[in-house]
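What follows is a set of notes on a single structure, which appears directly below.
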Amino acid sequence: MSFKAPRGTRDIFARDAQDFSILERAASEIFRNRAFIEVRTPIFEDAGLFLRSIGQETDIVSKEMYLFEDKKGRKLALRPEGTAGIVRAFIENRFDLSFPEGKFFYGGQMFRYERPQAGRYRQFNQIGAEYFGNASPAADAEMIITAFEILETAGIKDLKIHINSLGCQNCRPLFRSELIKYFSSKTDLCSDCVNRLEKNPLRLLDCKIDSSKFSGVPAMSAFWCPDCRENFETLKGLLSSCGLSFETDDKLVRGLDYYTKTVFEIRSGQDTLAGGGRYDNLVKELGGQNTAAVGFAFGTERVISAARNSGSLNSFAQKEKVFIAIADEELFKEAFAFSIKYSKTGGVCVSGPVNGKSLTSQLKFADKIAADKTVIFAKTEFEQGKIIIKDMKNKTQSEQQLQNII
Ligand code: ATP
Ligand code: MG
């Protein structure tokens, strides 16, 4: 009998796994610099939380959620995204009452039952942030700039920022009814779009099947109230003042129901790496105080793969791997102590020594574990305070003073 990892999941080893921790570390550094604090929420939540926040008509809730009942019959779901859980935690811990603002970041696994393909998994990772209590477009700008900085730090080139505003409760209803009018006259909509038309017509703009058919569709910008228009202008001014270029994109709506006003995406080529927006009503809708909020998330796997495609993985550089070998068995203890001390420097990654192998088979072993260099402890040289360094790539060899190495 043999087992395989479930469809849409994968095992991540070595350099691939390391890319995750390096990216997460770089992101958390950037978040901390801007006074975001880390939050870790449960991987499963009450299924109703996602229904209420993300919305029944979204792809995530209608098709992609991993739902299950526990032994007490509680209806739970594996989290498909991070925001809902953080908003729940924010309210449950009464942060909405005690702090004037809350800035949180997170990273971790998300689960969506989607058809697996390149860059699309059933278990994947996101890194994201939520900023509560600041209704100003300055908070939107700060989130966009922070997301951009993380992607830039990962070495990704050709980054494009797309922004739009979905309006507020004053101007959006008008736009909504215009959209319904426009789409109702279309006869060739896909079945999903037909279903969404009455409940959430904005979502049609995001439809991967139909979106090419929508020339002449009304633009939200034509319906913005003065407030939303001014907000959007301020946002653009703030981004420009920080040297960021961006595109305004009338058709950008994002997949989730809770967004209001600013929405944004950061893309590299065809790939959407990060998405986010403002959701000023969600905290109240989930039982908290009226609290403005803006958030974003990016797909960690997609960011890593874009970073690799950009070919500039400076911040992802591997450490040199050094194997410690012994030509004389009696030097094992010295070699072992050196190995531990050397690895503590943090400058290289160190493996060995191993017992009971001839030097030839130790060198073969070093090749197999892809060591860049082998440090050889041999009696004659060791007595002069020296070790031998063998370069495993070009097979050259040199001697060095042991004390100089560390
Ligand atoms: P898409 O249109 O690609 O399905 P989405 O709108 O569902 O994306 P969000 O819910 O905004 O995506 O999630 C933010 C980011 O998470 C995406 O931009 C993407 O990088 C990543 N992401 C989403 N779904 C997956 C998945 N199934 N596998 C890997 N990464 C994903
Ligand atoms: Mg999706």
Side-chain angles (χ1 to χ4, degrees), residues 5-10 12 16 19-20 23-24 27 50 53-55 57-66 77-87 105-130 143-144 146-148 150-151 154 156 159-164 166 192-193 196 200 202-212 249 251-259 262-279 282 294-309:
R7 188 165 144 79
T9 72
R10 54 192 196 134
I12 302 164
D16 293 333
D19 284 349
F20 279 84
L23 180 61
E24 280 160 0
F50 300 114
S53 57
I54 300 169
E57 299 314 314
T58 58
D59 286 350
I60 294 181
V61 168
S62 64
K63 304 180 197 160
E64 298 171 359
M65 275 227 288
Y66 276 90
L78 297 183
R79 62 181 185 195
E81 55 103 54
T83 303
I86 292 172
V87 173
F105 74 92
Y106 63 92
Q109 289 90 347
M110 306 295 158
F111 304 85
R112 296 184 193 177
Y113 193 82
E114 298 197 72
R115 203 169 66 78
Q117 51 189 288
R120 198 174 287 287
Y121 310 96
R122 290 182 174 172
Q123 175 176 324
F124 62 101
N125 287 265
Q126 283 186 342
I127 295 174
E130 317 294 341
M143 295 303 261
I144 295 171
T146 305
F148 189 84
I150 293 169
L151 298 175
I156 303 169
L159 289 171
K160 283 237 164 65
I161 299 171
H162 295 252
I163 57 173
N164 190 21
L166 300 180
D192 278 345
C193 281
R196 288 181 202 130
N200 193 353
L202 258 73
R203 291 278 291 119
L204 272 69
L205 294 171
D206 202 28
C207 177
K208 293 189 174 75
I209 305 165
D210 287 340
S211 55
S212 59
D249 182 347
K251 293 207 174 70
L252 180 64
V253 290
R254 311 279 314 126
L256 306 126
D257 271 1
Y258 50 60
Y259 287 119
T262 306
V263 288
F264 63 92
E265 285 186 353
I266 305 178
R267 300 184 197 150
S268 164
Q270 291 301 305
D271 292 330
T272 301
L273 300 177
R278 182 163 277 288
Y279 55 94
L282 188 60
V294 51
F296 73 85
F298 55 79
T300 316
E301 283 83 357
R302 287 195 204 169
V303 171
I304 288 171
S305 115
R308 287 193 176 172
N309 291 343

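In listed order, ligands and their atoms are each counted from 1. As the structure is a prediction and not an experimental result, all values here were calculated from the model. Just so you know, these numbers use all the heavy atoms, side chains as well, and skip hydrogens, waters and symmetry mates.
Residue-level proximity to ligand 1 for Leu273 is carried by the backbone, the only part with a heavy atom below 4.0 angstrom. Of all the heavy atoms of Arg254, the ones lying under 4.0 Å from any atom of ligand 1 belong exclusively to the side chain.
Within the structure, ligand 1 lacks Glu265 among the residues with a heavy atom less than 4.0 angstrom away. Heavy atoms of Arg120 come nearer than 4.0 angstrom to ligand 1 in at least one pair. Within the 4.0 Å heavy-atom shell around ligand 1 one finds Arg112.
One finds the CG atom of Asn164 at 9.0 Å from the CG atom of Leu205 (value rounded to the nearest 0.5 Å). Summarising the geometry, atom CG belonging to Asp16 is positioned 4.5 Å from atom CZ belonging to Arg308; distances are rounded to the nearest 0.5 Å.
Side-chain atoms of Arg79 and Gln126, non-hydrogen and from C-beta on, never get closer than 4.5 Å to each other.
The distance from ligand 1 to the heavy atoms of Gly119 drops below 4.0 Å at these ligand atoms: 28 (N), 29 (C), 30 (N). Which parts of ligand 1 touch Gly299 is read off a 4.0 Å heavy-atom cut-off, strictly below it: atoms 15 (C), 16 (O), 20 (O), 21 (C).
By the salt bridge (charged side-chain N to carboxylate O under 4.0 Å, His left out) test, Lys251 pairs with no residue at all, sequence neighbours left out. Under the salt bridge (charged side-chain N to carboxylate O under 4.0 Å, His left out) criterion, Arg267 pairs with Asp249, Glu265, sequence neighbours left out.
Annotation: Glu114 places an N or O atom under 3.5 Å from an N or O atom of ligand 1; distance criterion only.
Ring geometry for Phe111 against Tyr66 counts as perpendicular: the plane angle is over 60°, on a 0 to 90° scale with 30° as the lower cut.
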